[in-house]
Structure formats: structure tokens, C-alpha cells
Amino acid sequence: MKAVELSKSYNPKDFEERIYSYWKENGEFKPRNIEKDGHFSVVMPPPNVTGVLHMGHALNNVLQDIIVRYHRMTGVPTLWVPGTDHAGIATQNVVERQLKADGLRRQDLGREKFLERTWLVKEKHHAIIKSQLEKMGCSCDWDHERFTMDEGLSKAVRECFVTLYERGLIYKGKYLVNYCPKCGTALSDDEVEYESEPGKLYHIRYPYSDGSGYIIVATTRPETMFGDSAVAVHPEDERYKSVVGKTLDLPLTDRKIKIIADSFVSREFGTGMVKITPAHDPNDFECGRRNNLEQINILNPDGTLNENVPEKYRGLSAVDARALVVKDLEDAGFVEKIEDHNHDVGHCYRCHTIIEPYLSDQWFVRMKSLAEKAMDALKKNDIVFYPKRWENTYSRWLEGIRDWCISRQLWWGHRIPVWYCKDCGAEIVMREDPTECPHCHSHSLEQDSDVLDTWFSSWLWPFSTLGWPEESEDLKKFFPTSALVSAYDIIFFWISRMIMSSEEFLDKAPFKDIVITGLVRDKLGRKMSKSLGNGVDPLLIIDSYGADSLKFTLCYMAAQGQDVLIDNDSFKMGSRFANKIWNATRFLLMNLEGRELVNFNVSDLTTMDKWIYSRFNSAAEEIKKAMEGYRFNDAASAVYSFFWNDLCDWYIEDTKQKLLSGTEDEKNLQISILMDLLEKSMRLMHPFLSFITEEIYQKLPNHNGDVIVASYPEPDKAMEFKEDAEKVEALKDIVKNIRSVRSNLQIAPEKKIKVVLRTSSSFKALDLVKSEKAFISTLIGSKDFIIDEDSSYDTSSSLPTSGPGYECFLFIRDAIDVEEEIKKLNSDIEKANKLLEGAEKKLNNEAFIKNAKAEAVEKEKKKKSEALEIIEKSKEHIKMLQSL
RNA sequence: GGAGGAUUAGCUCAGCGGGAGAGCGCCUGCCUUACAAGCAGGAUGUCACAAGUUCAAUCCUUGUAUCCUCCA
């Protein structure tokens, strides 16, 4: 057989792109064995088509890719559905910003032209996102790719809206939106920029209607008092318990309002009494809903005061009205005091006008019944959160659920499927676009101008992407999906709502396992943002270190939903590991020269061989357990320490000599075992380092097809080899012990020394030490390594050292600093004494013997005897040194 | 105000009832027939503080302190 050449260093650019195309062309991402029972399916949280993918997306998709690849290799029919989200507001903003650069507004283009332009932006960003996902190596099935506004999903949205409407779960109502009086449009919360500004806190007297004095409320916006419907206090505020329910005269008006109790009031703010203006403050709005208060809108759409205020203030702007109101209140003696006060004021992100909370007509979904079903899903264990603590967050939010405002005053999105008859005023909601009014047969119909909230399409994602409302084959085979991987910041927006819609329309939870990841932050724990300039671009990481380095590093750091703190250098870790894999492979493939692969079975294996198979088996077991609990970092460490610390550092080192000096048959057997281990390792590591394992796998003489669809190594009881594994650990202990002594004495590596090993009857690895004599000699740098079985060798004038069941004598007289060595031995004795003390304390404790697990007792006994052995030998060794 | 999280080696973090761990960094020595992106060895910790439960607590419970996040 010829050697297989590998380039001298790991260079992911040589193969990552090629391998991705290869997988794609061979249809490796498509579900296989679909005739088989069971399935594993994942829907990708759809990235917004506004931007490019950041490190958070990388983390999310890398973890999905790991679980998808892992399950695909177990042989179940596996599907990963990719897709993107139209992201209404965000995308519309991108286009509007472009227009603004040309001095245009969206109204200047008109709805149709504007949308054409938005689709172009969508196409552009979609292409970028797709190519990024491909670069990361995501093994999603592109034939199943969806977009929230494509035909099928739009149909799902329509079906959903109409059905909910028919079930009486959708209604039109008043809602407070962020409103820019200058732009004449509602803004989303994201579009409001808050700044801390100096202002005043006005303390105003509101007299009791019965003339028994007055109370004082504190407000930053006195002009809104015309919209007041109540004054609220905290229900447990001792100062005001007795006044709840009393009536007040609202100054400057002839209206009367009541004092109510509501726990949202802060007792510390101002006087602890707050005026409630439901139509002009978000908190007051919610409070008003809870307490059934009147909503009095005092503003015109242009931001001036309307007919609901006394005549003299009508038509004034909020700022002008405030000045006049304060003056009038002062003149009438209603002002207690005015203080300086800083507060956050919202501004329009476009024109920087102060935004007004504005009461307007919006569409809502009635959430209570939906939320109850979603809570039941958790109670019935149909869904499980990883980590579990998020279940509380989820439940609590559902308990306090509020109706969902689903209309947006935008153009980009799913148009609300409601038509109004201009003649009879009927509200028409149908699955197909109506051509005439079903009531008066008028053709004069007008569609609602608003669009639906983006989440109204994404909450259907797990089943709309599989074909719902059609009863598609995909839906039958792959729904409900198996796992959802998402960050915790969208549990409310998205995850909960998907569960609600799925329970409502399909009577099932949309997924079983909910894997909550942390957020990716910089090394200082700050969110990555453009303005801070602390972002780490996944593409740049791929460019400098490769996609596998990105993936492995993120996986290694993604512990149990904890935030992941990284900088550019963090990814060196993955890169070093990939390089290690590359080079170990290069070495092994070089050794194929002139060899023949042979079949072998367990009886051909040496103790060392059994040890490495045993390590491999433990790794497979650890990974299996870790993957079942979505503990990605544990899986990554198992992969890492097996390949590097066990396979490379010990096993391959051991085989080097055998490959050089054995007989032809021995060499053939050895390389065959190594190839077997390498082949298995590639399969074991593939979910975590996908590209490099495929590239290597294809070059192995014993490979079988593509690793991406090869079978995943299962833990196997027959490969545990416990006794052999323990023997090798004993051998390692001897080597480490001697190496440590050498290093401490600064004995140059090239200086070969004589070493005598003496073992006690409790030492079980004597046969192994004998058969691995050559290997040990190399590792400890000895030209003369003697196994002194009958303790007859003269060890005087040597340096002794000991471990469990053995003593070593190093003949390095010149190097020994007797005093230093005695000091070391004394400190060994001290440590052993502490151990002994601890063990004896426990063993002498009757309660311990009685209550503790048998293993724990055994362990303490072993500890004790080992400590005694160390003490005894060390004392002996001190005597030896003293007689030198 | 409510809730959750964090507090372990210089840094970033795992571990979570029975002898304190990883990666990076640091120190020492090595280009040993894959890998200097490497090898070998080494140092460093009142596991935040205080009580409690337990035969046994870094790990469980409660409280305190500091920091972070979300909700209001």
C-alpha cells in the first residue's frame, strides 16, 4: 500500500468549500431512510433579511448543525429546515433609510413601488445569509428552504388569521402606540430612541370632592391631566389605605376622578400617588385596562390638543399647553412645588421629534385561551426546556399574558386580510380575496391598510414550513419537530407563541426539546454591537481559522445556556485542535507506505490497544449522555481529551516504535488498528468538526462512503476492558513520576539514565510494564531500564521515588541535591499525613461506616493504605538519601 | 418593586454531595523520524461571606454582600 500524502499544515481553505459543494451535490442534507419509523427534525430560527449573520447566529446554527449531524448519523430520518424572516419593521427601515438618502419618503414612491424595492433588499440579504450559512457548514436541506412571505407561508398566515377570527379570538380595539406627530406614523418600540433629559417634576394638588383637603400627585407632564381617569396608590401603602375609593375634583375641569389601588405604583416615586392617564402613557394604559378606566384621548394626530380638553387649550402643542396649564394651576393655587428631574424621553429615530403615546385602532389576538393550552403543554411534559430554569420564566409570562397587538402601520409584511364595504360598512374576513360585499353586494371594497406583526408569521414557522395548512407528507413525517435551539431573548416573542399556535391549530406542541442558548458577548460581558465596535464577525473567523475552528470553539464554550464571552483569539483553541487532528492523521497516513491492512479481532489486541479502545468507548458514552442533555461543552471536551490526550499523547506515541521495529505482521496489525481507530474517531468527531473529518475520512483506506452519513459510534460494553485500562493508567503513573523527577532536577533530555523499577504484590501492571519496556524507556529517557522482580538489585546511591504499588530508583548521583530531595520527601509525607488523617477520621466514625455508600467506604480504605505506603516508603527513602 | 443568573487558578469559564478542573496566560527545559498551531515538566485557589441540613458540603437550604439580565 502507498502512503497517503497530506499537506504539511492544516489549511481549511483547501477543502471546506469543496466539501460543502460535494455534500450538497450528493444530496447528503436531504432526509434519508424516510420509510423508517421515527424522525429527527429541526426548524432553523429564521434570520432577518435585513442584515448579515453575527456571532449569535453562528452559535445558534452551529449547535443546530451539531445535533442534526449527530442524529443523522444515528440513522433516523433527519430534516433541518432553513429559512429567513421578512422582519417587517427592520427591513422597511432599511429601504426607508435608502430613500431618505435621496430625499424621498415611502409615500413618494407609493405602496407598490416601495414594495418592489423592498423585495430587492430582501433578495440581496437573503443571498448573503444563505452563503454565510453554507460557509459555516450548516447541513440544512436547502430544498426545504422557506421565507415568511413566500406563497405557502402567506397562505398559512391567512388561514391562521381567518380561523382565529372565526373562533372569536381576533378583535379590533384601542391601543397605545408610539406615535411620531411629525412623520404621522406609529413606531415600534425598537424605533424609539430614549435619552435622559433634564425636566421638571410638578407636584400638583388634587382636592377631595367633599372639601376635606387635597392630595398631591407628582407628574412630569401636567398637560396630560385632562386625560386623567384616576389617581392610583399602592395597595399596601399604609399612608393611603384609607383614602382609596374617595373622589377628587380634577383641577381646571369640571370632572371628578376616583382614587384606586394598583400594585404597579411605586411608593417611593414622588408622593406615592400617581395620576392615571390611560390614553397617554403605556403604564397607565395597562393600569386603565386592569381597572376598567375611561381612555380619554386629548391629542389630534398632529400632536395638538383636541376637543376633549377645555376650550382655551385646544389647538396648542403639548409644550405650549404645558406652560399654560402650569401657569393656570399656579394662579389657582394648585401647585405644591416644582423640582428638577431627569427622565428618559423617547424620540423618533428619523426626525428626532418627541414621540407621543397615542391611542389608536389596532387588531388584537385574545391570548388567554391560547396561553392556557401552552401552559398545559409544559405541565404534560410535552415540552422540556434545557436548562430547566427557563420553564419558570415561560410559565410566569403565560400567567400574566396580555392580548397581542398584531397590526402594524407598515407596508412591508402580510396585509391584514380584512376588507371594509364602503357602502354598508361591513367588515369582511375571508380566505379568498372578496370581490363583492356579502351583505349588500357592493363592489366598493377597501382592504385594511395595515400589515401584520412579523411574529404573526413566524409563530407558525414549525408547521407552516412543513406545508400547513395542507396535510403534506412532510407534515405527517416530520411534525412535531424534535428540538428548537434559540437564545433566551425571544422566549416570549417567539417560542411561547409557537407553542400556542401549534396547540391551537394542530393540538400538539411544535417541538419536544427547547434548547436555550446564552447570548454571545465580548470579553467584558457586553453585548456585541456596531456602535461599540466590539463585534466578532463569524466570517472573518472562518477566514482566518476555518469553519471547524469556529464551530468547535463555540461548542466547547456553550455551557448550559450560559452567555458565551469571546474575542478573536478565542478561536485559536479550535484551530489548534483541528491542526492536531490534521497532523496526527498525516503521520498515520505516512506510515501506510509498504503496509497491508489486515483483519483483526479482540484476541489480537494488546493491553495498550485495549486501553485506547476503552478510552474511545468512554468518550462515545460521554458524548451520548451529553448530547441527550444538550450539554454541548461536555461533548466537546470528551472529543478533545480523547483525541489529544489519549490517542495522540499516549497511544500513537506508543505505536511509533512498534511501527519502526516490529515484524512485518506486527506492523501490519498495528497500522490496521490505527486506521480503525482513526476511522472511528472521524465518525465520533464529525458532528463537532465537520469539514476536516470529511476531508480526512475520504482519504482513509478503510473508509466507507461519506462520514456525514456514516453510522455514529455507539458505546459498547464489550469494549470497556476495565482491567487493561487500569494497567495502562499505572504505567502512565510511573512514566509521569520519573519525568517529573527528571524535570525538577533539570536533567537534560539527551542524558540517558539508569532506572530500576521494583513493584509490590499489589501492583497489577507488571506484565504490561514488561511488555512495554522499550516504550517506557523512551518516555523516561533511560538507556538501562531494569525491572527488579526479586528485589535483588543494589539500589544504593540512587535517587528513590515511589507511587502506588511501586518504587523507582534513578541512578543520577551527580544531579542529586540531597537536602532538596529530603525536603520534597518530607512534604510528600506531610501531604500523605493529611490524607491519612482525613481517611481515618471518616473510617473511625461509626456513622460514616453505617450511612455512607459502600464505594465511599472502600475508597477511604484505599486512600488510607495508599497514604500509609507513601509515608513508609518516603521515610525509607529519606534514610537512603542520608546514607549517600 | 418582582424574578432569574453570577461569585471556583492572573483571565474566560466547566464541575455541583465523598481526595479542587479545562482553555488561555505565566515559569523551566526541549525543533524527540505528525504537529513550535508542538512536546515534557511546573507554580498559583480561605471554591464570595455566615448559619443550617448531612456520617460527609465548592456542590443542598436559608440569610448577607457585590455584579449582571429580564419584567414592571
Side-chain angles (χ1 to χ4, degrees), chain A residues 6 8-10 234 236 263-269 282-283 286-287 387 389-390 392-393 396-397 400 488-489 491-492 518-519 521 523-527 545 549 553 556-567 569-570 572-591 631 633-634 636-637 640-641 644-645 648-649 652-653 656-657 659-660 735-736 738-750 778-781 831-832 834-836 838-839 841-853 855-860 862-863 866-867:
Chain A
L6 234 53
K8 186 150 194 270
S9 63
Y10 162 66
H234 194 276
E236 264 126 58
S263 54
F264 97 99
V265 176
S266 161
R267 275 166 275 192
E268 286 74 38
F269 182 78
N283 287 323
E286 295 300 334
C287 174
R389 67 183 135 90
W390 291 109
N392 284 331
T393 312
R396 214 185 314 275
W397 185 76
Y488 55 75
D489 54 349
I491 292 179
F492 304 143
L519 302 177
R521 298 170 181 279
K523 282 276 183 194
L524 299 173
R526 302 174 301 184
K527 274 191 181 177
Y545 300 115
S549 308
T553 305
Y556 193 89
M557 301 182 89
Q560 291 278 48
Q562 286 300 112
D563 286 348
V564 177
L565 274 60
I566 49 132
D567 61 17
D569 288 345
S570 307
K572 284 184 180 163
M573 193 247 148
S575 171
R576 287 201 176 116
F577 185 44
N579 186 58
K580 186 73 185 178
I581 295 169
W582 186 261
N583 275 294
T585 305
R586 190 162 80 97
F587 172 72
L588 297 180
L589 293 184
M590 260 164 40
N591 275 286
R631 294 195 324 278
N633 60 323
D634 287 353
S637 344
Y640 185 96
S641 70
W644 200 319
N645 303 131
C648 291
D649 290 351
I652 293 180
E653 286 307 317
K656 276 182 177 172
Q657 287 178 340
L659 288 170
L660 274 176
V735 171
K736 284 183 173 180
I738 297 171
R739 274 176 166 174
S740 171
V741 172
R742 285 189 63 125
S743 181
N744 286 331
L745 294 175
Q746 307 243 34
I747 298 165
E750 62 271 18
T778 319
L779 296 182
I780 63 176
K831 272 187 209 156
K834 268 191 192 160
L835 261 180
L836 183 64
K841 198 176 146 197
K842 285 184 182 172
L843 290 169
N844 293 337
N845 182 343
E846 273 178 44
F848 174 72
I849 304 291
K850 211 173 79 188
N851 297 325
K853 283 177 285 185
E855 306 139 50
V857 179
E858 275 314 302
K859 215 171 167 188
E860 292 305 318
K862 197 177 163 201
K863 226 192 269 179
E866 278 178 13

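Throughout, protein chains are lettered first and strands after them, A, B, ... in sequence-line order, and every chain is numbered starting at 1. What you see below is based on every heavy atom in this structure, not just the backbone, and it leaves out hydrogens, waters and symmetry mates.
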Nearest-Å distance once atom [atom1] is located in both [N] and [M]:
| N | M | atom1 | value |
| --- | --- | --- | --- |
| B/rA3 | B/rG45 | C1' | 33 Å |
| B/rU44 | B/rA65 | P | 34 Å |
| B/rC47 | B/rG5 | P | 23 Å |
| B/rA50 | B/rA43 | P | 28 Å |
| B/rA20 | B/rA48 | P | 15 Å |
| B/rC11 | B/rC26 | C1' | 11 Å |
| B/rC24 | B/rA37 | C1' | 14 Å |
| B/rG63 | B/rC55 | P | 24 Å |

With sugar-phosphate meaning primed atoms plus P, OP1 and OP2, does [X] contact a base, only sugar-phosphate, or nothing at under 4.0 Å between heavy atoms?
| X | answer |
| --- | --- |
| A/Arg396 | sugar-phosphate |
| A/Glu866 | base |
| A/Ile849 | nothing |

Each stem that RNA chain B is part of, given as range with range (3 or more consecutive Watson-Crick or G-U pairs, under 3.5 Å):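 Stem segments, range with range: B:1-7 with B:65-71, B:10-13 with B:21-24, B:26-30 with B:38-42, B:48-52 with B:60-64.
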
Selected nucleotide, minimal atom distance to A/Met573 side chain, candidates B/rU28, B/rG23, B/rG5: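 Of the options given, the side chain of A/Met573 lies nearest B/rG23.
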
Residue A/Lys863, side-chain atoms from C-beta onward, closest of B/rG18, B/rG4, B/rC30: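 Within the option list, the nearest is B/rG18.
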
How many whole angstroms separate atom [atom1] of [X] from atom [atom2] of [N]?
| X | N | atom1 | atom2 | value |
| --- | --- | --- | --- | --- |
| A/Asp634 | B/rA14 | CG | P | 11 Å |
| A/Asn851 | B/rU54 | CG | P | 11 Å |
| A/Leu659 | B/rA34 | CG | C1' | 12 Å |
| A/Asp563 | B/rG4 | CG | C1' | 12 Å |
| A/Glu750 | B/rC31 | CD | C1' | 13 Å |
| A/Tyr556 | B/rA22 | OH | P | 9 Å |
| A/Ile780 | B/rC30 | CD1 | C1' | 18 Å |
| A/Lys572 | B/rG23 | NZ | P | 16 Å |

Cation-pi geometry met for A/Lys656 and A/Phe587 (6.0 Å, 45°):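 Verdict for A/Phe587: a cation-pi partner in A/Lys656.
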
Upstream residue (5' side of RNA chain B) when A/Asn283 and A/Glu860 are each assigned their closest nucleotide: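 This one resolves to A/Glu860.
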
RNA chain B: 5'-proximal contact among A/Leu588 and A/Glu286 (nearest heavy atom):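 That would be A/Leu588.
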
Looking at every heavy atom in both [X] and [Y], which two are closest together, and how far apart are they?
| X | Y | value |
| --- | --- | --- |
| A/Met573 | A/Thr553 | C-OG1, 4.3 Å |
| A/Ala558 | A/Val564 | CA-CG2, 4.1 Å |
| A/Ser637 | A/Tyr556 | CA-CE1, 3.9 Å |
| A/Leu779 | A/Val735 | CB-CG1, 3.7 Å |

Close N/O contacts between protein and nucleotides 40-44 of chain B (under 3.5 Å):
unit_1 : atom_1 : unit_2   : atom_2 : d
B/rG41 : O2'    : A/Ser743 : OG     : 2.9
B/rG42 : OP1    : A/Ser740 : OG     : 3.3

Is the backbone of [Y] close enough, under 3.5 Å, to the side chain of [X] for a donor and an acceptor to pair up by distance?
| X | Y | value |
| --- | --- | --- |
| A/Asp567 | A/Ser570 | yes |
| A/Asp563 | A/Gly518 | no |
| A/Ser575 | A/Ser549 | no |

Whether A/Phe492 and A/Trp397 hold their rings parallel, tilted or perpendicular, with breakpoints at 30° and 60°: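 Rings of A/Phe492 and A/Trp397: parallel, as their planes differ by under 30°.
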
Whether A/Phe577 and A/Trp644 hold their rings parallel, tilted or perpendicular, with breakpoints at 30° and 60°: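 The arrangement is parallel - the two ring planes meet at less than 30°.
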
So which protein nitrogen or oxygen atoms get under 3.5 Å of nucleotides 35-37 of chain B's nitrogens or oxygens?
unit_1 : atom_1 : unit_2   : atom_2 : d
B/rC35 : O4'    : A/Asn583 : OD1    : 3.1
B/rC35 : O4'    : A/Asn583 : ND2    : 3.4
B/rC35 : O2'    : A/Asn579 : ND2    : 3.1
B/rC35 : O2     : A/Lys580 : NZ     : 3.0
B/rC35 : N3     : A/Lys580 : NZ     : 2.8
B/rA37 : O2'    : A/Asn579 : ND2    : 2.9

Side chains of A/Tyr545 and A/Asn579, donor plus acceptor under 3.5 Å: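 Looking only at side-chain atoms, A/Asn579 and A/Tyr545 do not form any donor-acceptor pair under 3.5 Å.
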
Candidate list A/Asn591, A/Leu659, A/Leu588, test side chain to side chain contact (heavy atoms under 4.5 Å, CB included), partner A/Ile652, passing option: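 Single pass found, and it is A/Leu588.
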
Verdict with supporting geometry, A/Glu860 and A/Lys863, salt bridge (Lys or Arg N to Asp or Glu O under 4.0 Å): CA-CA 5 Å; A/Glu860 292 305 318; A/Lys863 226 192 269 179; 2.9 Å; yes

